[in-house]
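Following: one structure in structure tokens, then a few remarks.
A, B, ... follow the sequence lines: proteins, then strands. Residue 1 opens every chain. Keep in mind that what you see is a predicted model, and the values were worked out from it rather than measured.
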Protein chains: 4
Amino acid sequence: MPRITPARRADRRAEIINAARRCFARLGFHRTTMRDIIAEGGFSAGGVYRHFPSKDAIIAEIAIRRRASEDALMDSLHALPDPVGAIVALARTLVEALETDEGAADRRVGTQIWAEALHEPEMRGHVVAGLAVPIRHVTALVARAQELGQFDRSQSPDALARALIAAFHGTVLQKLWQPELPIEPMVTSLQALVNGLAKSGNKRRR
Amino acid sequence: MPRITPARRADRRAEIINAARRCFARLGFHRTTMRDIIAEGGFSAGGVYRHFPSKDAIIAEIAIRRRASEDALMDSLHALPDPVGAIVALARTLVEALETDEGAADRRVGTQIWAEALHEPEMRGHVVAGLAVPIRHVTALVARAQELGQFDRSQSPDALARALIAAFHGTVLQKLWQPELPIEPMVTSLQALVNGLAKSGNKRRR
Amino acid sequence: MPRITPARRADRRAEIINAARRCFARLGFHRTTMRDIIAEGGFSAGGVYRHFPSKDAIIAEIAIRRRASEDALMDSLHALPDPVGAIVALARTLVEALETDEGAADRRVGTQIWAEALHEPEMRGHVVAGLAVPIRHVTALVARAQELGQFDRSQSPDALARALIAAFHGTVLQKLWQPELPIEPMVTSLQALVNGLAKSGNKRRR
Amino acid sequence: MPRITPARRADRRAEIINAARRCFARLGFHRTTMRDIIAEGGFSAGGVYRHFPSKDAIIAEIAIRRRASEDALMDSLHALPDPVGAIVALARTLVEALETDEGAADRRVGTQIWAEALHEPEMRGHVVAGLAVPIRHVTALVARAQELGQFDRSQSPDALARALIAAFHGTVLQKLWQPELPIEPMVTSLQALVNGLAKSGNKRRR
DNA sequence: GATGAATGAGCCTTCATTCAT
DNA sequence: TATGAATGAAGGCTCATTCAT
């Protein structure tokens with residue numbers, strides 16, 4: 001019979017994860033010490049290690065949770081009847097999220113995971129698997145747009161989806177590096193990129 | 001009167017930088033120890049410190065050199081008479097570079113610099129300044145294409161350039177995470193993005 | 001609510017200080033490594049750094065404690081009714097302390113602090129402030145002896161006190177350099193110096 | 001046939017010694033690096049090591065030269081017909097020397113040698129042997145004063161000489177710690193100490 | 001269970017000394 | 001012979017992790 005309930009346990013884990021995330025967003029994974037995390041959350045060293053076996057495990061858990069939250073975001077796209085609009089809406093959502101402290105912090109951590117994925121196979125697994133989800137969704141939207149005659153059919157939907165997501169990711173980076181830049185031109189340009197595909201598709205069809 | 005010529009000294013610095021770059025590409029900045037760099041290049045501890053005052057200085061130097069080499073790449077674009085073609089050529093060049101070990105390693109380090117730039121103001125300075133160069137070039141190309149009637153004139157050339165470069169950067173990330181993916185679809189899709197702008201431009205003008 | 005009581009914590013600090021003091025007395029500040037101190041006390045590296053932020057902080061603490069213990073010694077002089085006797089007693093106490101291992105070690109460290117005070121402003125502060133205490137006490141004793149007609153009134157009590165303490169310090173040095181020398185002649189000679197002032201005082205007054 | 005003359009060689013050694021002495025006076029033996037010495041004198045590393053096998057050898061040489069220069073000072077005392085006056089003159093000479101930069105620097109280095117002598121047998125040898133010289137001279141002066149009926153004959157001349165030199169050394173320390181203090185009261189008080197012996201001697205004889 | 005003091009491997013850097021040029 | 005670049009042992013200190021209380 002456990003001394004603490006599973007729910008309490010989950011709460012505690014979440015507290016630790018959030019304290020760690022705040023530290024990581026501020027300092028990066030490697031400059032953040034366990035001490036920082038412990039101080040940030042008002043924990044004790046032993047307390048943290050009761051819930052996570054190591055610092056790396058905390059980082060891994062954060063990577064897993066980011067995937068989960070992004071997956072949830074993707075699911076909200078499906079419903080839209082207009083695939084081109086859905087893609088544009090996705091772009092806007094991603095970029096607008098960076099205007100909130102929480103969203104920016106989340107992405108800052110995400111960016112570190114991107115870098116870490118180059119060296120840590122496990123991290124790479126998370127990133128690649130996490131990337132697959134939006135790609136799958138956008139691919140579906142692109143394919144649907146092609147079916148509807150809105151997009152050029154000669155292009156691979158998957159490759160096009162990857163290019164669009166690349167543009168979204170690159171835009172996220174630019175906004176993180178220069179938070180002072182307004183997002184509207186960024187969103188508008190991404191929209192132009194998407195509409196370009198649409199119009200070029202229209203045009204070809206003639 | 002130094003025993004060592006400036007050229008020899010520069011060579012030595014480059015040797016150290018290259019050894020460090022190999023280590024950083026393999027392990028990341030923080031997992032790489034000075035010992036690693038020293039072993040990689042067959043140096044001695046003191047020898048490295050004669051040329052660089054600290055590990056951070058080596059990292060900073062690498063960031064500076066990446067900028068310089070990218071600046072050089074950008075300069076090669078100017079000459080092209082066809083601006084749209086030049087943008088597509090740039091995309092291809094960037095992505096193709098990742099197929100070589102050297103180019104991939106270079107970009108892996110670059111990606112870490114991107115992540116580091118979120119926390120280190122100096123690094124951020126390098127990244128933002130480094131980003132400005134391709135933006136300036138691509139902006140010029142976009143503006144030229146607009147003048148020539150190849151691109152939609154209603155969009156801000158600067159914002160469009162940022163979006164295109166975002167797409168290039170995002171594509172670089174994807175290739176680094178999944179080096180096994182073929183680059184041709186990536187380049188083709190980027191080309192579709194660029195051409196979309198072109199065609200949409202044509203269309204609007206009618 | 002700390003697991004460790006303040007008393008236990010103070011004990012731990014004292015243990016570290018004592019181990020360090022033994023090392024410093026044996027090897028000097030600079031030849032003593034943190035490893036030496038750690039080995040001497042059977043500590044761990046991190047354990048020491050939980051109580052002191054740096055090696056210099058340990059040295060500073062030792063300087064502070066030496067002052068405190070000397071201050072305490074000085075306070076014991078005040079009560080004596082005979083000022084000349086009190087000065088002589090002080091001389092004897094200082095020199096006799098060097099016959100014990102503990103006292104000699106303490107003074108060996110003190111001598112290093114004297115040397116260090118020439119370069120380190122903080123150390124100089126400790127030494128000058130520490131010196132002020134015996135000077136103040138001996139000055140009071142000299143002034144009292146002058147009032148009682150035991151000392152020549154034409155001399156500045158402060159300057160005389162400084163000279164006497166100088167003689168005590170110089171004698172400490174000699175005993176540390178040549179521990180094999182007997183202390184009795186040293187004490188006797190210091191006594192002669194003090195008595196000389198006394199008798200010259202008597203004589204002048206006639 | 002040596003490439004450089006012995007005279008040139010001796011000059012070079014002296015240059016190195018002097019550069020080292022300046023550094024040691026400023027920073028202490030241990031905080032001074034060979035680099036400091038090399039920079040101070042405008043030497044090259046190899047150049048210094050051609051003349052001295054190690055840093056310790058430079059320190060040892062300085063200790064030896066200090067002895068020699070003090071020996072020379074002592075020899076100048078012998079001639080004086082008035083032994084009590086000679087002792088007072090010695091005190092004055094020692095303290096006044098501290099008013100010049102050169103003399104103060106010399107003594108600052110000397111003080112470090114005193115501290116070093118506690119740990120380094122070789123240094124201790126220099127200090128003890130160096131101390132013996134003034135003791136011998138002052139002992140002779142004290143003995144002579146006793147013969148002349150100027151000093152109390154009941155005291156050991158050697159012990160008295162040690163006590164006087166102790167007072168001189170202690171005064172040197174005080175002046176080095178507080179260079180802002182005027183020397184006149186110091187000299188006057190030392191004089192009072194010496195005269196005390198004299199007058200007490202006179203008195204006893206009655 | 002919770003706490004936080006203790007552990008110790010390992011990190012970055014320095015610096016006396018050597019030796020190729 | 002003079003130079004100063006190179007060497008590498010060792011130093012002070014950090015920090016993820018453990019475990020006695």
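- Distance from the side chain of B:S44 is smallest to F:dT7 among E:dG1, E:dG4, F:dT7.
- Atom CZ of A:R9 sits in a crowded spot, with more than 12 heavy atoms from other residues, nucleotides or ligands closer than 6.0 Å.
- Between the side chain of C:D36 and the backbone N or O of C:T33, at least one donor-acceptor pair lies under 3.5 Å.
- Between A:D36 atom CG and F:dA16 atom C1' there is a gap of 12 Å when expressed in whole angstrom units.
- Partners of D:F43 by ring pair (Phe, Tyr, Trp, His ring centres under 6.0 Å), not counting sequence neighbours: none found.
- Between A:I16 and A:H51 the shortest side-chain heavy-atom distance falls below 4.5 Å.
- Take C:Y49 and apply the ring pair (Phe, Tyr, Trp, His ring centres under 6.0 Å) test, not counting sequence neighbours, and it matches no residue.
- Among residues two or more places apart in sequence or in another chain, the side-chain contact (heavy atoms from CB on, under 4.5 Å) test is passed with B:A105 by B:A25.
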Indicate every side-chain donor-acceptor pair of residues 58-67 of chain A with a distance under 3.5 Å to a residue at least two apart or in another chain.
from: A:E61; atom 1: OE1; to: A:R13; atom 2: NH2; distance (Å): 3.1
from: A:E61; atom 1: OE2; to: A:R65; atom 2: NE; distance (Å): 2.8
from: A:E61; atom 1: OE2; to: A:R65; atom 2: NH2; distance (Å): 3.1
from: A:R66; atom 1: NE; to: A:D106; atom 2: O; distance (Å): 3.4
from: A:R66; atom 1: NE; to: A:D106; atom 2: OD2; distance (Å): 3.4

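- The CG atom of A:L27 sits 11 Å away from the P atom of F:dC15 (whole-angstrom rounding).
- Contact check of residues 9-22 of chain C against DNA chain F (heavy atom, cut-off under 4.0 Å) returns no residues at all.
- In this structure, C:W114 has its ring center at least 6.0 angstrom away from the ring center of D:W114.
- Rounded to an integer number of Å, the gap from C:R8 CZ to E:dT3 C1' is 16 Å.
- In terms of the side-chain hydrogen bond (donor to acceptor under 3.5 Å, both in side chains) criterion, residue partners of C:N18 (sequence neighbours excluded) are, by chain and number, C:R21.
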Going through the distances and angles, do C:E120 and D:R31 end up as a salt bridge (charged side-chain N to carboxylate O under 4.0 Å, His left out)?
CA-CA 11 Å; C:E120 305 292 315; D:R31 287 183 144 70; 3.1 Å; yes

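- Within residues 110-127 of chain A, no residue is approached by DNA chain E to less than 4.0 Å at the level of any non-hydrogen atom.
- Using a 4.0 Å heavy-atom cutoff across all strands shown, C:H51 reaches sugar-phosphate atoms only and no base atom.
- Atom pair A:I37:CD1 and E:dG4:P shows a separation of 17 Å (rounding to whole Å applied).
- Put simply, the side chain of C:T32 gets close to the backbone of C:C23: a donor and an acceptor are under 3.5 Å apart.
- In this pair, C:F24 and C:F29 present their aromatic rings perpendicular. The plane angle is above 60°, beyond the 30 to 60° band.
- In DNA chain E, runs of at least 3 consecutive Watson-Crick or G-U pairs, each pair with both distances below 3.5 Å, span E:2-21 with F:2-21.
- Listed by first then second residue, pairs satisfying salt bridge (charged side-chain N to carboxylate O under 4.0 Å, His left out) with a partner in residues 44-53 of chain B number zero, not counting sequence neighbours.
- Minimum interatomic distance between B:A115 and A:A115 (heavy atoms only, all atoms of both residues): CB-CB, 3.6 Å.
- D:H126 has its side chain out of reach of D:I113: every pair of non-hydrogen atoms, C-beta onward, lies at least 4.5 Å apart.
- For the segment residues 57-64 of chain D, no residue has any heavy atom less than 4.0 angstrom from an atom of DNA chain F.
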Per-nucleotide protein contact along nucleotides 10-16 of chain E, 5' to 3', at a 4.0 Å heavy-atom cut-off (B base, S sugar-phosphate only, - neither), is -SSBBBS

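- Taking the salt bridge (Lys or Arg N to Asp or Glu O under 4.0 Å) definition, one finds that A:R124 meets it with nothing, sequence neighbours left out.
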